Amino acid sequence: MIAASDSEARVRARIRRLRRSELPADTEQLARFLIGKTVVRETPHGRISGRIVETEAYIVGDAAAHAFIGLTRRNRSLFLKRGHAYVYFAYGSCYLLNVSSEVRGVGAGVLLRALEPLDGIALIARNRGVTRLHDLARGPGRLAEALDVDLKQDGLDLCAPGELWLGTATRETGAIGASLRIGITRDAHRELRFYERGNPFVSGPRSLSP
DNA sequence: AGTGCGATTGACT
DNA sequence: GTCAATCGCACTA
């Protein structure tokens, strides 16, 4: 059931970089679309990849979104055309990885909240300092740490060849659930968090992932 | 220059 | 289950 036990060669052969034209042009649709797709990080030590199992949409006009206040130095990557990385530093302790989701000049994005590790599990464990498979990339801060992503990757085109990109699904995607977003106060009533039902790598309280 | 506040995590009862 | 650490950012003066 868990693809993390697949051989690296078998998993690698299945991942192809996503073209921007394949990404839905709407933020909420992109958040749903990305469930089951992959993130690939090419490091000097080898490839790290994982299945995206949980996302949150931060849509246009959303008071909870960083882009709500307009273009600033920190959030400028959210205003790039869809498929670019927006990385920021939160709570003085962790980085969070987002995918920009609209046309250039419009600020919106999708937060990647959890991965099911595929390739480079030993590298992830080294980045994270833990070994339990379920804890490697469950939660947005852990996800970025697992991928060794920080501000250096902010603004990267995730639809271009390079150190960080989005890839196709490695297997059939399960049913997608929706819930309230985690850890926000403004516009908290919207169901803009998406996850693969039943997947043990999804973060958050069980009440939000039935 | 000073203030308030998180799209979290890990430690702890 | 609860809770505090931690610091860059945006805003006010």
Side-chain angles (χ1 to χ4, degrees), chain A residues 26-35 39 50 52-80 82-102 106-115 117 124-156 158 164 166 177-196 200-210:
Chain A
D26 170 82
T27 302
E28 184 172 343
Q29 291 310 307
L30 179 63
R32 288 179 173 277
F33 171 85
L34 287 177
I35 300 296
V39 184
I52 300 167
V53 297
E54 181 185 351
T55 63
E56 282 178 356
Y58 287 85
I59 62 180
V60 175
D62 177 0
H66 285 184
F68 186 70
I69 58 174
L71 180 67
T72 69
R73 184 186 209 86
R74 172 169 75 153
N75 70 17
R76 57 188 170 186
S77 297
L78 282 174
F79 292 79
L80 299 173
R82 69 185 190 275
H84 286 76
Y86 165 52
V87 182
Y88 74 95
F89 189 59
Y91 291 107
S93 59
C94 40
Y95 297 94
L96 278 69
L97 173 62
N98 301 251
V99 181
S100 69
S101 54
E102 298 282 337
V106 175
V110 174
L111 172 67
L112 304 186
R113 287 195 57 94
L115 295 182
I124 297 175
R126 192 168 71 179
N127 292 341
R128 290 271 298 115
V130 299
T131 55
R132 265 195 73 213
L133 189 59
H134 283 181
D135 291 335
L136 290 181
R138 182 178 53 179
R142 295 165 175 168
L143 181 152
E145 188 172 56
L147 295 173
D148 191 25
V149 160
D150 59 25
L151 263 27
K152 291 190 292 295
Q153 283 74 40
D154 183 41
L156 283 183
L158 301 177
L164 186 65
L166 293 170
S179 83
L180 301 177
R181 293 175 292 183
I182 293 177
I184 63 166
T185 52
R186 293 167 295 192
D187 264 344
H189 62 286
R190 300 177 192 244
E191 293 210 325
L192 291 172
R193 170 176 173 263
F194 304 101
Y195 57 93
E196 185 176 47
F201 295 90
V202 171
S203 79
R206 199 200 303 260
S207 60
L208 283 181
S209 310

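Predicted model, so just to flag it, every value in this text is computed and none were measured. Per chain, numbering begins at 1; letters A, B, ... match sequence-line order.
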Do [X] and [Y] have side chains that approach each other closer than 4.5 Å (heavy atoms only, starting at C-beta)?
X: A:Phe194; Y: A:Glu54; answer: no
X: A:Arg181; Y: A:Tyr58; answer: yes
X: A:Leu180; Y: A:Glu191; answer: yes
X: A:Leu97; Y: A:Gln153; answer: no
X: A:Thr27; Y: A:Glu102; answer: yes
X: A:Cys94; Y: A:Glu145; answer: no

Tell me: [atom1] of [X] to [atom2] of [N], nearest whole Å?
X: A:Phe68; N: C:dC9; atom1: CZ; atom2: P; value: 21 Å
X: A:Tyr88; N: B:dT8; atom1: OH; atom2: C1'; value: 9 Å
X: A:Arg76; N: C:dG8; atom1: CZ; atom2: C1'; value: 14 Å
X: A:Leu151; N: C:dC9; atom1: CG; atom2: C1'; value: 12 Å
X: A:Ile182; N: B:dG6; atom1: CD1; atom2: C1'; value: 15 Å
X: A:His66; N: C:dG8; atom1: NE2; atom2: P; value: 15 Å
X: A:Leu111; N: B:dG6; atom1: CG; atom2: P; value: 16 Å
X: A:Leu136; N: B:dG10; atom1: CG; atom2: P; value: 11 Å

So what's C:dC9 paired with, Watson-Crick or G-U wobble, going by both distances under 3.5 Å? B:dG4
Pick the closest DNA chain B nucleotide for A:Glu56 and for A:Glu145 by heavy atoms, then say which residue is nearer the 5' end. A:Glu56
Below the 4.0 Å mark, does [N] have OP1 or OP2 next to a side-chain nitrogen or oxygen of [X]?
X: A:Arg142; N: B:dG10; value: yes
X: A:Arg113; N: B:dT8; value: yes
X: A:Arg128; N: B:dG10; value: yes

Anything under 30° is parallel, anything over 60° is perpendicular, the rest tilted; go ahead and classify A:Tyr95 against A:Phe89. tilted
Identify all pairs in which a protein N or O lies below 3.5 Å from an N or O of nucleotides 2-7 of chain C, and state each distance.
residue : atom : partner : partner atom : Å
C:dT6   : O2   : A:Tyr91 : O            : 2.6

Which part of the nucleic acid, if any, lies within reach of A:Arg181 when heavy atoms closer than 4.0 Å are counted: base, sugar-phosphate only, or nothing? nothing
